[in-house]
Each structure stands twice: as structure tokens, then as C-alpha cells.
Amino acid sequence: FMERAGRAHKADWHGKAPKPVEANEALRQLTLSNEQITAIEEYKKQIKWQPAPPQFTPALTAVKIKTGEPKVYAPDTLTDCRSAYGHALLDLATQNANVVALTADLADSVKTDGVKKAIPEHHIECGIAEQHMVSCSGGLSLDGFIPFCSTFGAFMTSRAKDQARVNDINQTNVKMVATHCGLSVGEDGPTHQAIDDMGSMLGLLNTMVIEPADPNHCDRIIRFIGSHYGNFYVRMGRHKIPVLTKEDGSVFFDAAYEYRYGRSDVLREGKDLTIIASGPMVIEALKAREMMQKEKPNTSIEIVIASSIKQFDDTLIQSIMKTKKVLTVEDHNIHSGLGDQVARLIAEKQLPIKSLAIMGVTEYQLSGTAEALYDAAGISARHIANKIVNMLKG
């Protein structure tokens, strides 16, 4: 009865169960004869092998690869995280035969072109086929390779979300590194401004998400994910940002800095309010703090860099407990990113705070420079400073 519908080119049985009368008749036709039952039972007696229960490598298990020497970008360097990613990836691929790069017709933009030019046998061009790229990466990882696949964040977490989900289920070892995320993509306009990508990956149970705050931070993160098992989603912007420094002017993420998943870092200490920032918003938060110091010298603002919205450490919790006034800032929508996860942390830990404010993107923006879009979206340094003033009044 199902075959008749099919021969008539009708899709009558998609998602539809047969009626009991129809099912019973079909099952009657499939009933085995005594001879068939005997043959099957005899065959079963010959089967000795039984499949073992599935075994998965635990996430964050250290992988034996050569991570190379961290590259330290000087304080006066102005570059983008994607370039830092490209340099670190080339270093890993040069020293490890199983590290490969994949891209979807964007090698120059996502900076896998260094691998493509230097060691082309380590580079796979998938064409404009993000879904294939992510699936291929999953297969490669299960065969012992360490694949870094890259495209724009808007494409990685929308077009290839299905394939990323299957990799998550299979607990593969894929390093998804997305560039041009957030309003940082600027002139490419709203279709390319990935402001929901972290939320997209947040729901995947076996995928870890990370966002670097500057090129040095990015370098350490890329080397870390290459040397630790599991699926990772690393997002970064497009525009060039300054190298973060300590108060004495030296490099903050220096050669001695060791990244670990979920690590938070106190960029500036303070006691009146904690700004928790991620990615390019860290530099905006730092500018806002400097504005406050000029206008209100007695104001003491602490800045904490949050690298992952799925896992926070005691450093961040202790800062919240100290100031009890918390402001989160992100180049992402406010409904499924850093702010949401910090609020959840506060609720779960029952942290006794006085106030919490979440700053992020609340509507789609047009085409413009990253700086102009940050200002238009209300997340630039001056907007952060104004928010601080209002929060300290309360």
C-alpha cells in the first residue's frame, strides 16, 4: 500500500504511521516461516564477535603534538586576531604532519593561506561548501588528523550547524575557527555580522567555545585547542585591535602566559564595579575605564577578560563577589551570549550582587567601520562609561 503511493509519485507516507489494519497486513506478509526461523537461529550460533560499547576520548584530554614557541606581539603592534590565528596554525602544521587546514573558498580572508602556500599538502580547499568542510573535518579527526576548519562566523554557525551538531554527537576533534564575527565585520553589512554564533554553539553539549581578546591571547588559544582533544568553536573579529598591556606597559598575555579552557584574567584591578568583557569589547572596556579615571579619579573599575561563555573560573567569581556590581559587554546579541551566561552563573551560585547590567547588540546594524557600528549599537567606550556612571549612582 505504501508502494502504490510511491509509484503514483505521492509523498503520502512522510512522517505518517499506517493504520493498524494496514500495519497488521504488512507484518503478516513479513512473517517468517519455520524454515526461515531455523536458518536464522543456526546462523546466530556462528556469530562470536560482539561490538564493544562506544568509547570516546574525554574532552580536553592532552594530545601529544608539538605546539611550538608562542609568538609575542609587541605592545605597539596593531593587528587582527585572524592574522595571529594564521601564524599559529602555520606553526602547528609545519611541526605536525597530522595538523591540516580546511576552508570554504576564503583562505585569504581567514588566513589559512599561509599553510596553503607553505605546505599545500596540509591545506584542503572545500569550495563554497561549508557543510562539507565541517563534515570532512569530523571524518578526518576520527582518522587521527587534527583539522582546523575556517570560514566566516555567519556561515559556520548557520549553514554548517547541522554538521557541527553531528560532530558534537560523535565527539570528534574538530577545531572550528570562525573569523569576521560580530559587528567587527563592519562594512560587509548585517548578512555577515554574526551576532548569534556563540548562542548557536552554546547548545552543543560536546563543543567548547572560546573568544580571544587580542592577538597574543589568540596565539595561545590556537596552540591550546590544537593540543587538547575535542570540538572547539573559536570566534574572532575582522578589524585590527591593539595588543593588551599591563599597567606598566608590558605585554599582558606574555610568553609566560598559559591558556586553559574557561580561564578568566583580571586585566585591571578595582573595587567599585566589575566589567566582564570578551573579544574586542575588552579594549572598549579599557578605554571606558580610562575615561572614568580622567573624569572621576576616585572611581575604581575592575576589568575581567572572559574567554568562554560555557565555563567560568574562580577568578571571575571572586571579582563579582568583591565589587557586587557587574557589567557585561560583548560584540554579540544579549540573548544568548556572555551576559546571559554570567546571569545564569550568578543565579546558580547565588552570588549576593547589588546590580547587573548586560551590554551587547540589540538590533541588526548597517554597513560601516567596526568603531562606528559599536557606537551605533551602544557598546563603544563612551556608552560603557555612561553605563558605569549610572550603575555607580545606584
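A salt bridge links D265 to R263: one of the charged nitrogens lies within less than 4.0 Å of a carboxylate oxygen. Remark: R238 engages D188 in a salt bridge, criterion side-chain N to carboxylate O under 4.0 Å.
Defined by atom type and a distance below 3.5 Å, a donor-acceptor pair is missing between the side-chain atoms of D80 and Y85. Judged by distance alone, the side chains of S150 and T103 never bring a donor and an acceptor atom under 3.5 Å apart. No side-chain N or O of S227 forms a donor-acceptor pair with one of T67 less than 3.5 Å apart. Using modelled atom types and a 3.5 Å distance limit, the side chains of N173 and S141 yield no donor-acceptor pair. D272 and S300 share no donor-acceptor pair across their side chains, judged by distance under 3.5 Å alone. Side-chain contact, Q46 with E42: no donor N or O sits under 3.5 Å from an acceptor N or O. There is no side-chain donor-acceptor pair under 3.5 Å between Y233 and T157. Counting only N and O atoms by type, the side chains of E302 and S319 include a donor and acceptor under 3.5 Å apart. Side-chain contact of N170 with T172: a donor-acceptor pair under 3.5 Å is absent, judged by distance alone. Side-chain contact check for H180 and S109: no donor-acceptor pair (N or O, by modelled atom type) lies under 3.5 Å. Neither side chain, N216 nor Y257, offers a donor N or O lying under 3.5 Å from an acceptor on the other. Under 3.5 Å, the side chains of D91 and Q95 contain a donor-acceptor pair of N or O atoms.
The backbone N or O of G189 sits nowhere less than 3.5 Å from a side-chain atom of S367 that would complete a donor-acceptor pair. Although no hydrogens or angles enter the test, the distance criterion places no donor-acceptor pair under 3.5 Å between the side chain of H123 and the main chain of D113. Under the 3.5 Å distance criterion, the side-chain polar atoms of K325 are matched with a main-chain donor or acceptor of M391. Formation of a donor-acceptor pair under 3.5 Å by the K161 side chain with backbone atoms of S200 is found in this model. Side-chain atoms of N24 come within 3.5 Å of backbone N or O of P20 as a donor-acceptor pair. Judged by distance alone, the side chain of N333 and the main-chain N or O of T362 form no donor-acceptor pair under 3.5 Å.
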Could you go step by step and tell me if H217 and F252 meet the ring-ring contact (aromatic ring centres under 6.0 Å, His included) rule?
CA-CA 9 Å; H217 200 202; F252 184 77; 8.4 Å; no
Residue pair Y259, S307: steps toward the side chain to side chain donor-acceptor pair (under 3.5 Å) verdict:
CA-CA 10 Å; Y259 179 80; S307 63; 3.2 Å; yes
What do the steps show when you test K116 against D108 for salt bridge (Lys or Arg N to Asp or Glu O under 4.0 Å), and what is the final call?
CA-CA 9 Å; K116 184 178 181 179; D108 292 346; over 6 Å; no
side-chain contact (heavy atoms from CB on, under 4.5 Å) between Q193 and L373, intermediate numbers included:
CA-CA 11 Å; Q193 293 164 3; L373 295 180; 3.5 Å; yes
Residues Y73, D219; criterion side chain to side chain donor-acceptor pair (under 3.5 Å); working and verdict:
CA-CA 9 Å; Y73 296 86; D219 178 273; 5.2 Å; no
Output, in order, the C-alpha distance, side-chain angles, deciding distance and verdict of salt bridge (Lys or Arg N to Asp or Glu O under 4.0 Å) for K19 and E22.
CA-CA 5 Å; K19 295 176 182 178; E22 295 170 322; 5.7 Å; no
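Between K111 and H87, every side-chain heavy-atom pair lies at or beyond the 4.5 Å cut-off. Side-chain contact between D214 and F253 is present, with heavy atoms from C-beta onward closer than 4.5 Å.
Annotation: Q29, atom CD; neighbour count of heavy atoms from other residues, nucleotides and ligands within 6.0 Å is above 12. Counted within 6.0 Å of CD on E269, heavy atoms from surrounding residues, nucleotides or ligands total 12 or fewer; the atom is thus considered open.
The side-chain tip of K45 does not point at the ring of Y43 from less than 6.0 angstrom away and within 45° of straight on.
Ring geometry for F224 versus H228: interplanar angle under 30°, hence parallel rather than tilted (30 to 60°).
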